[in-house]
Amino acid sequence: MASPSDLAVSEMDFDALPERSWVDKIKDTARKKPLGAVSACAVLVMLLVAALANAITFYDPVQNAFDSMHVAPGAAHWFGTDQFGRDIFTRIVFGARTALFVGFSASILGSTAGLILGVGSAYFGGRFDLIFQRFMDIFISFPLIIMALSVVSIFGTGTQNVILAITIPLIPRCARVVRSSALAIREIPYVDAARALGFAHVRIIFRHMIPNVMAPYLIMLTSFLGQAILLEASLSYLGLGVQEPTPAWGLMLQGGAEEYAESAPWIPVFPGLAITAAVFAFNLFGDAVRDTLDPRLRSE
Amino acid sequence: MYKYTIKRILLMFPTLLGAAVLVFFMLRLIPGDVCELRMAGTGMYVDKEAIATCQQNLGINAPIYVQFIDFITGFFTFDLGNSMWTGKPILHEIGLRFELSLQVAIMATLTATIIAIPLGTISAIKQDTWIDYIVRSFSIAGIAMPSFWLGILIILGLLIMTQKFFGNPWMPPIHYTPIWEDPVANISQLIWPAVATGYRYSAVATRMTRSALLEVLREDYVRTARAKGLLEKLIINRHALKNSLLPVATIIGLEFAFLMGGLVVTEQVFNLNGLGKLFVESVTNHDYTMTQSLVMLVAVVFILTNLFIDILYAWLDPRIRYS
Amino acid sequence: MRNTRMKTLLITAVVFAVALWSFAPAEAAPKKGGTLKFVVGSKIPSYDGHIESTFGMIHPIRPFYSLLIRVNPDNPASPTDFVCDVCEGGIPAPTEGHTKYTFKIRGDITFHNGQKLTSADVKATYDKIISPPKGIESNRKAFFSMVESVTAPDPKTLVFKLKYPTGAFVPALALPYNFIYSKADLDKHGYKWHQKNVNGTGAFRFVQHQPGAFVEGKRYDKYHHKGKPHLDGYRAISAPKMAIRLQAIRGDRAAIEFRGFPPKARDDLKKALGDKLTVQESDWNCNLMVTPNHKRKPFDDARVRRALTLAIDRWGGSKYLSRIAIVKTVGGVVFPKHPLAATKEELTKIAGYWPDINKSRAEAKRLLKEAGYPNGFEFTLHNRGVDQPYKVVGTWVIDQWRKIGLKVKQWVQPSGPFYATLRKKKNFDVSIDFNCQSVINPLVDVSKFISDDKAGNQYAQYQDRQLDKWFEEMNKEPDVKKQRAIMRKYEKRALDEMAHQFVTLWWYKINPHRSYVKGWKIAPSHYLNQHLDNVWLDQ
């Protein structure tokens, strides 16, 4: 049975957008935003590389090979090998899996939790909102890396805990932005109407509020991707992130990579480049998403 | 206006208290303690009795609420107590590092501002040209590049280059000398981390300058000025830039507050004895008293900066006060 | 008065220098002056040697203090060569059935604050170490469990009376932690004063400590070893990251680091600095162990534990790992260069040390099958978040176990939580652990293998009364030959028959330093020979 408010929403959904094929839309966007298009391609390539890691590498990313330690880049090992004789190209390719897994999990979890909390806070308002905002203040006043450091110290290292450590500080940052958008929506008459009709809070939040704050949500999500990858690298570099023998970029920059940097510069250089390239692509992509979804939010 | 300011200041206290509760319990959730680490961490014979005595002396075994009350009263009476690791007064230990962190933050801010404002302006004026694309790529690269990696490359580059050209490898000093004692030693140590972090920082500020300026350039009064036929240079300098500086100043301020406590990784790379390194060390040493004080310090700086910015905005824009 | 003293001092110095010249023509005469800069990779907790055990305290603080006896600075490589520091003559031979040691204390020693040192100070020091008052920590009481009493019958005499004769006593006296404090300080300022203050009789006086940055010392002119120290002073600079310590030596921000660098780092430095760099190397009194948790299945089964040790190719690993990590020497439970250690022939009879690794791995697979795991199983290796050598060796043993069909994941924790897991939570399958001591004192060092209710640092959670019995016998056995025989039985049972926990490889100490640093000789431990009184700079 279709309720009045359902109708209201569906009418909004079919708003005045002209009917065009999605191919045209993409072409159009690519022409207007060349940087965005390039970054989208880069992100796609990265996803493909991570997915097809087994097919595009010839070595085992984990197995030690003591007869080929510290081999310089060449035909056999494009990016050289590390102190355990492991192929660096292979480890970077497999490391993309780790980076993307951590990056996507943390940013999706973080921004989704932020979305729900932000909308909830705006919707209920009043005292709840006030107290809740203090909580967000507390979390935000902890510097990101310090928060992550403490979380990892408590729960220990390892991929899941790193994701947790990165997710927690992202939540309040998203919640704030979403809340301010949601505050505006709450004032729109149809939400009042839905309330007056006595719909459950959960239903109003999920059906009416959340769909309307998707733009800031997606913007925050994409901007978190790069941040999460960087944070993962920093934590791993401090020895608090993903652990050996898992291939991960930040981990590859740590320990031996730095100590032997001079005679084997390929060990720190390539993973660093991989991080930079990945975060670069995600940031450009995030910019493009932001410009497309909300031209007013052109700031950071 | 006064009501708003007072309300904001009062709201600071629950936040600080919350931060205190959070850090207090978070630290105690980390397995292990300072005594175990000091006395059993070297693979040598371990004396259980000595560990118990140490725990007794440091009050680690005291009931949680006693420890908490001690911490809170200490914090509000500005008596931070002693570090559990070195036994020295916390204020003294923090003071030493504060000097260094402050100087790096100032130098990084200068570096960033010098780069960011001209680049951001050019990028905005030449929006969607290749200059804009280059500047934007340059600044996104700054955000994308891990600053600790840049640091590693800088040190490596210095060692290799100096050996190549002067025969002797040179590296920056590895311990801090105050600038009034030996300015050369001081600058030659701190300039590199300032550049490594300044790049990232400038990237953030460049992007802000660009977007703030773009926004202003679309405002009516700028169009009016253009219509009046004023020189483009004059418009930018006199009208647009000035008005777009507020958000830029904001982001610079926020980043500055962040740098004071956030140089965690870069300080590792350059062996800087700053607040970030102290932070990592005190967390890994289970030095509760020190970590608590540091978190509260960072929180206070951060909250005050935010408060200042919010009040400034409210003062400039009356609409904010009522929302 | 002062003039005459100066003159005597000068004359003694000259005589000493001439004597040194004539005895050791190979080494040039030490030059006076200069400040030694060295880097330290760990942090200083308190200054009190009786409490702390990290080299982060020993390296910067030890030069401020003297000991009763010390490892011979001219022959630190020997595990049995000790000489007097504040005592006179040689190490006294025990009397009364090997239970009484009478030391003569020198009369010409003053503390840095001007006060004279007597045997009462040494007695007060050892009383603090052996039987501290309630509420005062002392971390090495157990090393002196054989001591019945310490007395100072007159200002120049100190007597230790033992409960039973043992070979473990003299090495314990040479522990670098036994800083001699002044009795007056202890009486006046209490037993905690030395945690934050320094007043010793060492070659250097305390100048300043900037927490987290450096410790500075300057020469003590009235130092009791004549003609020393050669340096004007030193600066111990804190640098927790190994990369920084390496770069510091390369860029001459520091001349030396006393803990040790991996081999590749040595090679890189040598290549960059040529003959401006000197390298000293030594076996190291530390070993990395694998500790299975006996309270967890299937590690309660000796067959499974034996399979774990049989899978590890120690001889091969020594060759490869010694190129990337600070481990090298293959050895059993005793420091390999000590008379009590197993010979190579004796070693090859212990499981995991067999010369043929294929045969060893076949046996491991057979044992696993017998224990009910024909296809291997999965478990987690708990490790410490420190690169050298923990994570490197951890990564290596995982690869070794893969070869007998075991799937192992690594679980790395920072030092604090790592020890909390070993000591309190005990929720690990198999852990990396290590045994690392200062003075080589095998009779005490192997206590790592006795039952966990007796050893404070045995984390495998087993009880083996047979080992306890042998340990006791060994310690009370004055005859070295018999000690050695018991040690072999002890070793075979701990490493092979029961495979309670096992040694992977012993560490290998490599100290590349600037060639202008002279007089410092490498010891088999980074805790030893760190008084710096014989170091000089050839600049």
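Letters go in sequence order (proteins before strands), and every chain restarts at 1. From a predicted model like this one, the values you see are computed outputs, not experimental measurements.
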- At their closest point, which heavy atom of A/T276 faces which heavy atom of B/A141, and how far apart are they? CG2-O, 4.4 Å

- Query: Of all the residues in residues 153-162 of chain B, which have a heavy atom that comes within less than 4.5 Å of a heavy atom in chain A?
  - Reply: B/L153, B/L156, B/I160

- Task: Hey, could you give me the CZ/CG distance between B/R136 and A/L284, rounded to the nearest 0.5 Å?
- Result: 7.5 Å

- Message: With a 4.5 angstrom heavy-atom cut-off, is it the side chain or the backbone of B/S137 that approaches chain A, or both, or neither?
- Response: both

- Message: If you count heavy atoms of other groups shown closer than 6.0 angstrom to CZ of A/F135, is the number above 12?
- Response: no

- Message: As an exercise, state the distance from CH2 of B/W149 to CG of A/L230, rounded to the nearest 0.5 Å.
- Response: 11.5 Å

- Task: May I ask you to name which of A/N283, A/V279, A/L273, A/I138 has the most heavy-atom pairs under 4.5 Å with chain B?
- Result: A/I138

- Message: I need the residue from B/L150, B/L22, B/V283 with the largest number of non-hydrogen atom pairs under 4.5 Å to chain A.
- Response: B/L22

- Item | Residues forming a salt bridge (charged side-chain N to carboxylate O under 4.0 Å, His left out) with A/D129, sequence neighbours excluded | A/R179

- Message: Once rounded to the nearest 0.5 Å, what's the spacing between atom CZ of A/F285 and atom CD1 of B/I140?
- Response: 13.0 Å

- Item | Per-residue contact mode, B/I303 against chain A (heavy atom under 4.5 angstrom) | side chain

- Query: Which region of B/V280, side chain (C-beta onward) or backbone (N, CA, C, O), has a non-hydrogen atom less than 4.5 Å from a non-hydrogen atom of chain A, or is it both or neither?
  - Reply: both

- Message: Taking side chain as everything from C-beta outward and backbone as N, CA, C, O, which of these in B/V269 sits under 4.5 Å from a heavy atom of chain A? Side chain, backbone, both or neither.
- Response: both

- Please round to the nearest 0.5 Å and tell me the distance separating atom CD1 of B/I143 and atom CG of A/D287. 8.0 Å

- Item | Of all pairs that satisfy salt bridge (Lys or Arg N to Asp or Glu O under 4.0 Å), the ones with a partner from residues 9-34 of chain B, not counting sequence neighbours | B/D33-C/K424

- Residues forming a side chain to side chain contact (heavy atoms under 4.5 Å, CB included) with A/A288, sequence neighbours excluded: none

- Task: Using non-hydrogen atoms and a 4.5 Å limit, figure out which bit of B/A212 sits close to chain A: side chain, backbone, both or neither.
- Result: neither

- Message: Tell me if the CZ atom of A/F128 is crowded by more than 12 foreign heavy atoms within 6.0 Å.
- Response: yes

